2 protein chains.
Amino acid sequence: MALRRIDPASDRAVYRQIADHLRADIESHERPPGSQLPSESSLVADYGVSRVTARRALSVLVTDGLAISEHGKGWFVRRRPPVKRLSSDRFARRHEGKAAFTVDMEANERKFSVEVIYVGQGDAPPEITSRLGLPPGTAVLVRRRRYLVEGQPTEFATSYIPLDIAAGTPIEQENPGPGGIYGRMEDHGLVFERYDEEISARMPTEDEARHLSLPAGSPVLHLVRTAVASGRVVEVCDTIMDSAAFVLFYSLPAR
Amino acid sequence: MALRRIDPASDRAVYRQIADHLRADIESHERPPGSQLPSESSLVADYGVSRVTARRALSVLVTDGLAISEHGKGWFVRRRPPVKRLSSDRFARRHEGKAAFTVDMEANERKFSVEVIYVGQGDAPPEITSRLGLPPGTAVLVRRRRYLVEGQPTEFATSYIPLDIAAGTPIEQENPGPGGIYGRMEDHGLVFERYDEEISARMPTEDEARHLSLPAGSPVLHLVRTAVASGRVVEVCDTIMDSAAFVLFYSLPAR
DNA sequence: CACGAGGACTCGTGTACACAAGTGGAATCG
DNA sequence: CGATTCCACTTGTGTACACGAGTCCTCGTG
């Protein structure tokens with residue numbers, strides 16, 4: 001956090017130089033996560049620039065996911081949510097009848113909770129019905145929930161299950177019992193063959209940013225899991241994750 | 001692209017309303033990828049706002065990864081690179097002696113090429129040597145390359161291999177021959193056991209954005225693969241990918 | 001025809017100012 | 001003492017203006 005000056009001879013724009021100074025402080029942990037950054041007016045005073053330029057410098061850090069602003073309070077170094085590992089390999093997925101998420105959390109000694117947002121019949125988007133092998137517009141069972149790790153929302157998941165599998169079973173309940181919905185499906189004789197997972201990353205929509213309490217400039221991981229049992233797709237699960245909170249982990253046996 | 005007006009009674013800021021209009025046009029494909037967006041001055045004229053406000057609206061789209069600006073030319077709807085699937089499952093990875101990347105590309109009928117940037121001895125970062133089970137600062141073989149799909153750089157990968165495995169073998173050459181470096185390792189009697197892959201997403205550094213020709217506001221996928229053969233880690237591969245270009249695909253057998 | 005100079009357009013960066021609105025502590029009032 | 005008001009501070013949104021620099025087309029000259 002040494003006193004730094006703008007180099008007027010530099011080709012680099014002034015607002016970028018200011019952002020570089022702050023970024024260096026953040027990356028060296030001289031400005032730790034959660035700490036307050038200089039206010040706009042103090043940057044104006046320290047660097048002799050206009051407020052517009054000071055704001056531009058700070059907004060660079062927001063785009064980089066390093067800082068956030070809070071109205072009326074100030075600018076802060078972004079606080080990273082607790083990092084978690086999602087063990088998606090086939091051995092961890094169904095350990096002792098617990099969901100993979102539970103196993104992951106216990107292995108990492110994290111406090112976590114699940115909020116069920118909605119369970120009931122509903123329409124699935126076309127890309128979901130297509131994965132389920134159903135005609136567009138078919139009603140399915142929708143299970144929407146939010147996962148919190150150490151009080152912080154980190155994951156937002158929606159499962160879509162064909163009604164002929166879910167109807168009249170505990171899958172329609174908020175809490176489907178031990179082993180989760182996969183356990184209930186196995187109770188009904190379904191034999192799981194594989195889980196296909198597709199992963200992409202993108203910037204969140206405003207809705208997603210609100211649901212996950214994400215600051216601007218932070219990407220989300222998007223995971224779509226397709227569960228295949230007894231020769232058919234029995235569930236599609238669409239998950240949006242705070243990318244700062246997750247490292248997905250896959251272990252792939254050779255041959 | 002219907003003529004739209006600002007709602008002065010709305011709580012939503014003017015620049016956000018303008019951004020919403022443009023976003024709707026982009027998402028409905030009325031403004032297709034690569035097409036030019038209204039210039040700042042035409043937004044000023046059409047909406048009766050200042051240039052600062054017009055720019056603010058456009059910069060929202062940049063943060064969302066929907067638009068880019070080109071100095072002296074204008075603002076454009078971001079052109080998505082061709083989407084590719086990385087089949088990381090154990091069956092596709094080593095098909096007929098071809099690298100997974102080649103198999104993926106041929107399956108998707110994409111033109112692709114590889115630029116070798118550096119092959120030679122070098123230092124590995126501490127997090128890499130730790131994965132390799134080597135003391136910090138140990139020299140290793142570094143293989144750095146850039147993958148282009150349809151002329152567009154999409155992936156930037158660096159492999160780190162212990163010298164006692166690589167030295168004096170074709171692994172030290174730019175082109176290690178059929179089956180790539182894994183093939184040469186098998187030639188020397190190494191038996192592959194598994195590949196561990198860790199995936200995260202974040203905003204690119206400026207270097208990465210430059211190497212991948214990424215516009216601002218577009219996140220990258222970060223994949224670290226650890227290859228285990230004959231009881232030891234024989235390679236760590238660190239890959240940065242344009243997240244708009246990739247969907248990672250994993251097929252996990254049940255039990 | 002080839003080349004170069006202009007000029008009109010674009011975005012990039014910077015100034016100065018104004019007012020709205022959220023936050024938090026100090027002062028004041030009952 | 002407790003509640004409310006007020007004020008100083010913060011960021012959010014908007015205006016108007018200036019100049020630099022990249023792009024691209026046109027026009028004029030040799």
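Within every chain, numbering begins at 1; the chains are lettered A, B, ... in the order of the sequence lines, protein sequences first and strands thereafter. Worth saying up front: this structure is predicted, and the values here are computed from it rather than measured.
At whole-Å resolution of the value, CZ in Arg16(A) and P in dG14(C) are 9 Å apart. Counting to the nearest Å, the P atom of dT10(C) and the CG atom of Leu37(B) are 13 Å from each other. If you take CH2 of Trp75(B) and P of dT10(C), they are 13 Å apart, rounded to a whole angstrom. Regarding Arg12(A), its CZ atom lies at a distance of 17 Å from the C1' atom of dG14(C), rounded to whole Å. At whole-Å resolution of the value, CD1 in Ile6(A) and C1' in dT13(C) are 13 Å apart.
Closest of all the heavy-atom pairs between Thr129(A) and Pro136(A) is OG1-CA, 3.8 Å.
Summarising the geometry, atom CG belonging to Leu66(B) is positioned 11.0 Å from atom CZ belonging to Arg202(A); distances are rounded to the nearest 0.5 Å.
Looking at Thr53(A), its side chain never comes within 3.5 Å of a backbone N or O of Val49(A) through a donor-acceptor pair.
Remark: Glu174(B) pairs with no residue by the salt bridge (Lys or Arg N to Asp or Glu O under 4.0 Å) rule, at least two apart or across chains. Qualifying side chain to side chain contact (heavy atoms under 4.5 Å, CB included) partners for Thr226(B), counting only residues two or more places apart in sequence or in other chains: Arg131(B), Asp196(B), Val233(B), Val236(B). The ring-ring contact (aromatic ring centres under 6.0 Å, His included) search around Phe156(A) returns His211(A), not counting sequence neighbours. Partners of Arg55(A) by salt bridge (Lys or Arg N to Asp or Glu O under 4.0 Å), not counting sequence neighbours, listed by chain and number: Glu40(A). For Tyr47(B), the ring-ring contact (aromatic ring centres under 6.0 Å, His included) criterion is met by His21(B), not counting sequence neighbours. A search for side chain to side chain contact (heavy atoms under 4.5 Å, CB included) contacts involving Thr239(B) returns Glu155(B), Ala157(B), Leu223(B), Cys237(B), Met241(B), not counting sequence neighbours.
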Check nucleotides 17-19 of chain C for protein N or O atoms closer than 3.5 Å to its own N or O atoms and list the pairs.
{"residue": "dA18(C)", "atom": "N6", "partner": "Arg51(A)", "partner atom": "NH1", "Å": "3.4"}

Close N or O pairs between protein and nucleotides 23-25 of chain C (under 3.5 Å):
{"residue": "dT23(C)", "atom": "O4'", "partner": "Gly72(A)", "partner atom": "O", "Å": "3.4"}

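The nucleotide range of DNA chain D contacted by chain A, defined by atoms under 4.0 angstrom from heavy atoms of the protein and reported 5' to 3', is dT10(D) to dT13(D).
Between Ser69(B) and dC11(C), a side-chain N or O to OP1/OP2 separation shorter than 4.0 Å is absent.
Ser159(B) and Arg145(B) form a side-chain donor-acceptor contact under 3.5 Å, judged by distance and modelled atom types alone.
Direction of the helix axis in the helix from dC1(C)-dG30(D) to dG30(C)-dC1(D) shifts by 10° between the two five-pair termini, rounded to 10°.
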> Step by step, would you call Arg12(A) with Asp7(A) a salt bridge (Lys or Arg N to Asp or Glu O under 4.0 Å)?
Replying inline: CA-CA 9 Å; Arg12(A) 199 158 176 77; Asp7(A) 173 10; over 6 Å; no
When the side chains of residues 32-39 of chain B are checked against the rest of the protein, which donor-acceptor pairs come out under 3.5 Å, sequence neighbours left out?
{"residue": "Ser35(B)", "atom": "OG", "partner": "Pro32(B)", "partner atom": "O", "Å": "2.6"}
{"residue": "Gln36(B)", "atom": "NE2", "partner": "Lys73(B)", "partner atom": "O", "Å": "3.1"}
{"residue": "Ser39(B)", "atom": "OG", "partner": "Ser41(B)", "partner atom": "OG", "Å": "3.1"}
{"residue": "Ser39(B)", "atom": "OG", "partner": "Ser42(B)", "partner atom": "N", "Å": "3.2"}
{"residue": "Ser39(B)", "atom": "OG", "partner": "Ser42(B)", "partner atom": "OG", "Å": "3.4"}

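Within 4.0 Å of Ser50(A), counting heavy atoms only, lies at least one base atom of the nucleic acid.
Note on residues 120-129 of chain A: no pairs pass salt bridge (charged side-chain N to carboxylate O under 4.0 Å, His left out), not counting sequence neighbours.
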